[in-house]
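Please read these numbers as outputs of a predicted model, since none were measured by experiment. No hydrogens, no waters, no symmetry mates; every other heavy atom, side chains included, goes into these values. Residue numbering restarts at 1 for every chain, and letters A, B, ... go by the order of the sequence lines.
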Protein chains: 2
Amino acid sequence: MSDAPLRQRSRRGAGRPTIADVAKRAGVGAITVSRALREPDRVSIELRKQIASAVEELGYVPDSNARALASARADVIGVLIPSLTNNVFAEVVSGIYDGLGDSNLQVLLGDTHYSGMEEERLLRVFLGQRPSALIVSGVDQTPGARAILEAASCPVVQIMELGEDPIDMMVGFSHFDSGRAVTRHMIEVGYREVAFIGARMDPRSQRRLAGYKAAMTEAGLSDPRLITTSTQPSSVTFGREMFREAIARVPTLDAVFCNNDDIALGVLFECNRAALGVPDKIGIAGFNDLEMMKVAYPSITSVRTYRHQIGRRAIDMARAAMAGERPETRVVDVGFKLEIRESTQRGA
Amino acid sequence: MSDAPLRQRSRRGAGRPTIADVAKRAGVGAITVSRALREPDRVSIELRKQIASAVEELGYVPDSNARALASARADVIGVLIPSLTNNVFAEVVSGIYDGLGDSNLQVLLGDTHYSGMEEERLLRVFLGQRPSALIVSGVDQTPGARAILEAASCPVVQIMELGEDPIDMMVGFSHFDSGRAVTRHMIEVGYREVAFIGARMDPRSQRRLAGYKAAMTEAGLSDPRLITTSTQPSSVTFGREMFREAIARVPTLDAVFCNNDDIALGVLFECNRAALGVPDKIGIAGFNDLEMMKVAYPSITSVRTYRHQIGRRAIDMARAAMAGERPETRVVDVGFKLEIRESTQRGA
DNA sequence: CCGTTAATTGGTAGCGCTACCAGATTGCAT
DNA sequence: ATGCAATCTGGTAGCGCTACCAATTAACGG
């Protein structure tokens, strides 16, 4: 009973069965268990059964850290989005998760809060996990982030936007084109003083604004006083406030292209409250086509964006690349669709 | 730009600098580098500087898999929510992320799609990572999931609801009480035939419905025909449809308690469209108090829930427990607040 | 009978890091 | 000088798993 110093380490390996325990119980070598779990075809049926029941009896769960260390890659995909609470990105993420299927891939989700610095920091943290792929939002990475991504030894997908110069792969649509399309539509149906209202002017919003400006200019209607922007986060409340500001500045404005649907909703509520008839007195268009736009009263014209599909395509492309397939098309344009509704149906 | 850079998995040991490389460059032992990174206080300032610059020069990023394997715990927190796209949970998750601060904790987010089976599966996958803590939604885990959680050797926080019998810790509020409070309010201001409309009747919705029933019964106004529920996912569109159904069945109904704000918005839009005056002809109340409720026209009565705070408290409690502190209060009630607005201000 | 191939299975040697302990150095009291 | 604790640093031995290769067996043709 003289205390021979226990060489066991207290905290380590406490409890959980290891692959060696399973191997012993099944009467096979550890490596065979490993294979039975990862490449069952290479193990005979009898052993597979024995191993399966040993796994079951012991409640064995493979340690993914050890697996990642031994095989120099983790079944982890890093995803960076600017905001978790923005419904638009939530739907993209949902598409990504749906594309996971029953693979045992894990998603590491990072919220950059629209900050390039934070994006860089998270990228570094993610890389510490040796991810199998990375999905990032937008095309305007900081030089540092871009360097990290270019040096990353895994597939990279940029989502939401398109650009000239993909790091690796890309899924998105043209914000410029969609902004221009909405604006042209409003001009076509007869609105003349079409305002632009935008909060949180991130790069995608800037490109939509550029599309708006292009359409206004080509119609000879451009007027900088019609543009109201802010770097504050977007909200329905803030949409209402910005609209009040806009109409105080230009009382004759007759339509508003809102940078997103939240703002459009705020404008609609304010028009209802102030008894400004929509669409006759004021036309309204939003962006993203949230589900409620078609139910609103009046229903609101918006630009349908395929957010779920963007996430889904991104993960599909990433998984294909992980499997060694290099698709010929590395840039996928999922497009957009202008949904014309009551809010811009100007009575003739 | 001919052939794509092969992003095949790197061979063992290829590429990335290890802690040994840093140690060699800094002229110290590997363990000292490890300490300098994790417990800087235990390393002299000179060495710290040398190590820091070696890290910088080599672009060293610690391998978190190796770290997790060696220390038998990963800096990972598993979070399970029923739906990613539901704004309510997105805000909870946002609170969790905010509580991470600049710790190098990672969040593994799982979407159970309101399925107990999926919850169990994800729990097993998460456990394979040896997480430092787990956060799960609700109190109605399957027996299997509950067993896994009770056996887990890490802190567990159940969020969103309260219950008699916490697995470990709990942060939420009473759905029954909040449902009863709204209904009582509507009865107090004079509504008599208060309908309940609810989609996706998950356990929390069921408890709100129970609160509604209690309030109706205590006022002697209970009538099962006033209740419309569905297991379908909630949406603004579906809220409108259910309202049409409800009012067709009970044309005399004079108020609606909507199980969530999406539905309330659908009801509001339908009332606007059908020229049913709100609040005089129809009173409307929602649940969760999304930001737009106060801006809607008319503004909509709702129950303020502290979603961000729930996430924040959950992560704070988890981190405290990870640090070995066991708080005496393991069940935190963050409460709720009835926000009375125009939609239930019945003209006297 | 041997040799060859294919199909299985197992052993060995790490992956990169940290827990544990030991050794070295310093400061201070004896 | 000696002792002793406090402070700092390094070596060793794995953590649990898989890449790599060797060994075994069965199957088959010559």
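- Within 6.0 Å of CZ in B:R313 there are 12 or fewer heavy atoms belonging to other residues, nucleotides or ligands.
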(message) Under the criterion side-chain contact (heavy atoms from CB on, under 4.5 Å), I'd like the reasoning laid out for B:L84 against B:L109: C-alpha separation, chi angles, the key distance, then a yes or no.
(response) CA-CA 9 Å; B:L84 270 168; B:L109 193 59; 3.5 Å; yes

(message) Working note: A:H308 + B:T85, criterion side-chain contact (heavy atoms from CB on, under 4.5 Å); need CA distance, chi angles, decisive distance, verdict.
(response) CA-CA 10 Å; A:H308 190 276; B:T85 46; over 6 Å; no

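- Between A:M170 and A:E161, the closest heavy-atom pair is CG-O, 3.8 Å.
- The CG atom of A:L47 sits 12 Å away from the C1' atom of C:dG10 (whole-angstrom rounding).
- Side-chain atoms of A:R16 stay outside donor-acceptor range of the base of D:dG16, with no qualifying N/O pair under 3.5 Å.
- Going from atom CD of A:Q129 over to atom C1' of C:dC17 covers 14 Å, rounded to whole Å.
- Between B:I167 and B:Q141, some side-chain heavy-atom pair lies under the 4.5 Å cut-off.
- As rounded to whole Å, 20 Å separates atom P of D:dG14 from atom CD1 of B:I19.
- In this structure, A:D75 atom CG and D:dC17 atom C1' are separated by 13 Å, rounded to whole Å.
- Picking from C:dG16, D:dG16, D:dG10 the nucleotide with the shortest atom distance to the side chain of A:A70 gives D:dG16.
- A heavy-atom distance below 4.5 Å is not found between the side chains of A:Y60 and A:D21.
- Taking for each of A:V43 and B:A30 the nucleotide of DNA chain C with the nearest heavy atom, the 5'-most of the two is the partner of A:V43.
- Dashed line: the shortest gap from a side-chain N or O of B:S44 to OP1 or OP2 of D:dT7 is not under 4.0 Å.
- With hydrogens and angles left out, the side chain of B:R35 and the base of D:dG10 share a donor-acceptor pair within 3.5 Å.
- A:R48 has its CZ atom 14 Å from the C1' atom of C:dT9, to the nearest Å.
- As judged by a 4.0 angstrom heavy-atom cut-off over every strand, B:R38 is placed among residues touching the sugar-phosphate backbone only.
- Contacts between residues 58-67 of chain B and DNA chain D, defined by a heavy-atom separation under 4.0 Å, are absent.
- For C:dT9, the OP1/OP2 oxygens have no side-chain nitrogen or oxygen of A:T32 closer than 4.0 Å.
- Between the CG atom of A:L69 and the C1' atom of D:dC15 there is a distance of 9 Å, rounded to whole Å.
- Here C:dA13 presents its C1' atom at 12 Å from CD1 of A:I31, a figure rounded to the nearest Å.
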(request) Using the side-chain contact (heavy atoms from CB on, under 4.5 Å) rule, take A:T32 and A:I51 through it: C-alpha gap first, then chi angles, then the decisive distance, then the call. (result) CA-CA 9 Å; A:T32 305; A:I51 291 168; 4.1 Å; yes

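- Of the candidate nucleotides D:dT18, C:dC17, C:dT18, C:dT18 has the atom nearest to the side chain of B:S71.
- Between A:R42 atom CZ and D:dC21 atom P the separation is 14 Å, expressed in whole Å.
- Dashed line: the shortest gap from a side-chain N or O of A:S34 to OP1 or OP2 of D:dC17 is not under 4.0 Å.
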